[in-house]
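Only heavy atoms go into these numbers, but all of them, side chains included; no hydrogens, no water, no symmetry mates.
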Protein chains: 2
Amino acid sequence: MAELPPLSPLPELPPDAAIAQSTELAHITTIGERLGLSADELEPYGRHKAKVSLAVVDRRREERPRGKLVLVTAMTATRFGDGKTVTSISLAQGFGKLGVSHCLALREPSLGPTFGIKGGAAGGGRSQVLPMEDINMHFTGDLHAVTSANNLLAAAVDNRVFYQEKAIRRGKAEAKPSDVDPERIVWRRALDICDRQLRHCDIGLGKKSDGFPHRSGFDITAASEIMAVLALAKDRADLRARLERMVVAWTRDGQPVRAGALGCIGALEVLLHDALAPNLVQTIEQTPALIHCGPFANIAHGCNSVVATELAMRSAEWTVTEAGFAADLGAEKFLDIKCRQLGTFPAAAVLVVTCRALKLHGGVALAELGEENVEALTEGFANVRTHLANLRDVYGVPVVVAINRFGFDTTAELQAVVDLVEGEGAGWAISDGFGRGGEGGVELARAVMAAGAEGNRPLNPSYALDVSLREKVETLARRIYRAEGVDWSEEAEADLAQIIAAGGDELPICVAKTQHSLSDDPNLRGAPTGWRLRVGGLKLSAGAGFVVVRTGDLMLMPGMPKKSAAQNIGLDDSGNIVGLS
Amino acid sequence: MAELPPLSPLPELPPDAAIAQSTELAHITTIGERLGLSADELEPYGRHKAKVSLAVVDRRREERPRGKLVLVTAMTATRFGDGKTVTSISLAQGFGKLGVSHCLALREPSLGPTFGIKGGAAGGGRSQVLPMEDINMHFTGDLHAVTSANNLLAAAVDNRVFYQEKAIRRGKAEAKPSDVDPERIVWRRALDICDRQLRHCDIGLGKKSDGFPHRSGFDITAASEIMAVLALAKDRADLRARLERMVVAWTRDGQPVRAGALGCIGALEVLLHDALAPNLVQTIEQTPALIHCGPFANIAHGCNSVVATELAMRSAEWTVTEAGFAADLGAEKFLDIKCRQLGTFPAAAVLVVTCRALKLHGGVALAELGEENVEALTEGFANVRTHLANLRDVYGVPVVVAINRFGFDTTAELQAVVDLVEGEGAGWAISDGFGRGGEGGVELARAVMAAGAEGNRPLNPSYALDVSLREKVETLARRIYRAEGVDWSEEAEADLAQIIAAGGDELPICVAKTQHSLSDDPNLRGAPTGWRLRVGGLKLSAGAGFVVVRTGDLMLMPGMPKKSAAQNIGLDDSGNIVGLS
């Protein structure tokens, strides 16, 4: 068995925002040059952010071959998060230290969680993307554009029904089977916020002229289908086609009402015009980062945009990207949904593990995760073993395990993880991105270059598209989650019939499942066996091009905790932003 | 009596968006140079938009004297609008033609009306501000920042009450008189959209964990008090103080709950950090335009920001600015509210009149406004006479009447207007900004330079601050609207008592009144007499620093028409935006 390399002492670091503010940033044109982009090909947003013209993406698709893609994913994490983003940034910076051409391609943070629980999502310590204040706040306005487009569409649907019902009420028209059914408007509104009050609302109250009453609600913007559409669109034409296909309601006789029928797709395109272009920023070590789109990882596929990933791959030898949640959710959707758009699998995957998460899966209580417990850690490794097998055996992607080091990890624990990983025959590296930035990612970069040396892998999804939706869910449940089978609720059966009637049987599936377990029960740790996946309902996301399969409760609008991150965020006396991380 | 100058034939023009797209724009740094701004003092947003650092505003306040300010306002307009913005842009371009240093300072358009009825608000014809697509859409994100801040505060209020009521329900706390009263949360949510369905909503429905049910609703973002606060704040410290003072709810024992009590003012400051800096763009003739903030002209004061106006005045010999609605509303609030912040009155006011509006006020039906009718026009001049007298006699501001020419005006009508204006002893010019841009504004610029030659006028508001709220309303109603008195509803009396108890008696007033009449009845044309102003209610906008006085119905969330502008807006085959005007 390999021995642990000598571990550097973990440095004491100032708060993330202070590190960010003391970093000297390169002008964004300098960062663009590292990807071969001229100043003319960038639309600057201040000095340190830019949008890259979509024409550049199209041209590079023609002119340049693809570099290698690395997907950073993780074992089933603790509630604290276990450092996928920090590891991704550190890995990219590690490539930089080795003088290897590289590009990061990450998701955009969402304002809601920044002010709710998370307090920011731009990495941390010495592995951050900058300017972190902008990236965590309004950035280049992409999320606001999605919010605006989502809500314009909602207003357009309701406006159609308002005039339809008014004409019927006044005897100027008769109710027709092809009318929009006022009881079956499925398009919800969106805001980029954590606000539980907006989950379920009765709207259109007041006078007759104030609309027609119906139950509706708001999802967080990242959960809007438009965010998924934006992230999956290959170009403007694809964006338009996807927007048109979105189902916003059902008719009185059960046919889908598509967004295209409302006459406002042009307005949505205009609202999303800039948002479709990828955003260029830099890491704390001045390496290039494309940060673009951030769809939810339950109702949507949880990855950054296809156009940004494509641009990164056509611009660098190695592209590092990340998918939300653990590998059963994030990597699964990346490989089964997004990679079908890209037409390729990555050259390698990085599976982030932590001693803390391993102990959790070995049965240790939250309060005791800080204490050494090699036995529990060994027990919890069953979780990693399943994710490893999924990635390698089901999808055929080489894996490197990144052991993301925390200050409270003991040498014995780290050695145990190394031994277990070696027992599986997988590559590994200690990842020290938070404390040491790119220096802490060099070993991981070397391991990834070795694992991915053969180049991007051929597409090999876990299920085929030309089987039924029912079979897709069964296959995924057995192969990836390791369930014994699937139980369909009555509601799910009804949804299934309706979606099949609407032509959705050919689509891939996007399973919304708890991120806290490989199973559908958040309390089951490790690698649960002997359980069956319970499907509660399905939703046709025809624009995104998948069917959402709901298992368990789906939280699409988080609430704020009693003490929220918003209460820590502010300006200091010099006008610097504090409290973000 | 003066004779009409020879009138150029009105040219046939392509659509506004086509004119805009065929215009060559200067790089924003070139525009900045015209105001003496170095590239370092600009934060570029692409090549044709920039934010000007607030430090520049502060420095210029110290270093440079103020140039002269011109307020563009109007007679009571028709429902079509009568060209204040076009006249403002044309006037600024006219100064440019004369080689006189100048700057425009206008309001930001709002997405809602752009997709609802208006289809854009960046001028028109040969008097536009550019890039009009950006200005009409997300621009530099200021409105989105206001929406985010507004809704974060709403979530914070409700979150406080959620945990308060939960503790009481579970017996962990007792209801106290100083608690936020769940029935009296007055802070509403905001979206930049036209959506009647959101006017009145019951929120917090669903399970206990989904919040507590209460009636709420959404206003359009321009109606958020935060928009007014942003527009009136002198600097960051003033912004913070105003945000803290905003009243979001009332306690069980009737005390105001200020936003400052919720612990999230820092987060609001961070969200509004960039939004407080003025936006620099250019007109179609490459003259500088600061476009910043757009508060509603009923519940708020309807002017662009104090910081942008200050910057413009410290950067140019002549600053042209505009206020919403007609002079009884827009100019009144500009002079009685905004100018108290600025500490000066303008050097001159431009009163925009049109033959069409004059005929409307002379009793002509909408459908017949296209026909010549000198008699009705003469009758309708009573409306102009009142606005003129208000500006000159009440406020002491010299006035130039801009006769905004339309293709259907006849020579006889235009001559009649000139004669009537001369009869009042006021300066005038035919304004031909739509068809001829700056060339069509030269005469107006000359007239304004003559009228304003003595420089900015001393502050001389229509009412003093140290009288009671009741007396302020009485004074305004009699002096400006020419009412015979004021009738207070029971609700208004109760509001008044509460606001006085909360210390609001010293504040200026912001009257929400119909823009379609000098009176409070939208159907009364001309210069109505023998009527009394009916006050329905009052609202303390303690952050904005005024008390809103509601007369008539207050529409804070427009609806979409059956056929909306959103249905005309889109991209053409070359990816250009069409349908905006």
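No other option in B/Ser148, B/Gly206, B/Cys264 has as many heavy-atom pairs under 4.5 Å with chain A as B/Ser148. For the set A/Leu268, A/Leu191, A/Asp134, A/Thr140, the entry with the most heavy-atom pairs within less than 4.5 Å of chain B is A/Leu191. Taking chain B as the reference chain and counting heavy-atom pairs below 4.5 Å, the highest number among A/Gln567, A/Arg199, A/Lys562 is found for A/Lys562. Top candidate by heavy-atom pairs under 4.5 Å with chain A, chosen from B/Ile265, B/Asp274, B/Leu152, B/Ile577, is B/Leu152. Contact count versus chain B (heavy atoms, under 4.5 Å) is highest, among A/Arg189, A/Lys51, A/Lys207, for A/Arg189. Chain A forms more heavy-atom pairs under 4.5 Å with one residue of B/Ala145, B/Ala50, B/Gly559 than with any other, namely B/Ala145. The candidate from A/Ser564, A/Ala267, A/Gly141, A/Gly575 with the greatest count of non-hydrogen atom pairs under 4.5 Å with chain B is A/Ala267.
Heavy atoms of A/His144 lying under 4.5 Å from chain B belong to its backbone as well as its side chain. Both the backbone and the side chain of B/Asn151 come within contact range of chain A, each with at least one heavy atom under 4.5 Å from a heavy atom of that chain. With a 4.5 angstrom heavy-atom cutoff, A/Leu271 touches chain B via backbone and side-chain atoms both. At a 4.5 Å heavy-atom cutoff, the contact between A/Leu42 and chain B is made by backbone atoms alone. Contact of B/Met137 with chain A is made through the side chain alone, with heavy-atom distances under 4.5 Å. Interface remark: B/Ala39 contributes backbone atoms only to the contact with chain A (heavy atom separation under 4.5 Å). Interface remark: A/Arg47 contributes backbone and side-chain atoms alike to the contact with chain B (heavy atom separation under 4.5 Å). Contacts between A/Leu262 and chain B at a heavy-atom distance below 4.5 Å involve the backbone alone (N, CA, C, O). Contact annotation for A/Arg240: neither backbone nor side-chain heavy atoms come within less than 4.5 Å of a heavy atom of chain B.
With hydrogens and angles disregarded, no donor-acceptor distance shorter than 3.5 Å links the side chain of B/Asn159 to the backbone of A/Asp195.
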Test A/His273 against B/Glu133 for side chain to side chain contact (heavy atoms under 4.5 Å, CB included), laying out the working first.
-> CA-CA 11 Å; A/His273 192 263; B/Glu133 301 90 339; over 6 Å; no
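Using non-hydrogen atoms only and a strict 4.5 Å limit, the part of residues 209-217 of chain A facing chain B consists of A/Ser209, A/Asp210, A/Gly211, A/Phe212, A/His214, A/Arg215.
Taking the six-membered ring for Trp and thresholds of 30 and 60 degrees, B/Tyr45 and A/Tyr45 have ring planes inclined between 30 and 60 degrees apart.
With values rounded to the nearest 0.5 angstrom, B/Thr147 atom OG1 is found 11.5 Å from A/Asp192 atom CG.
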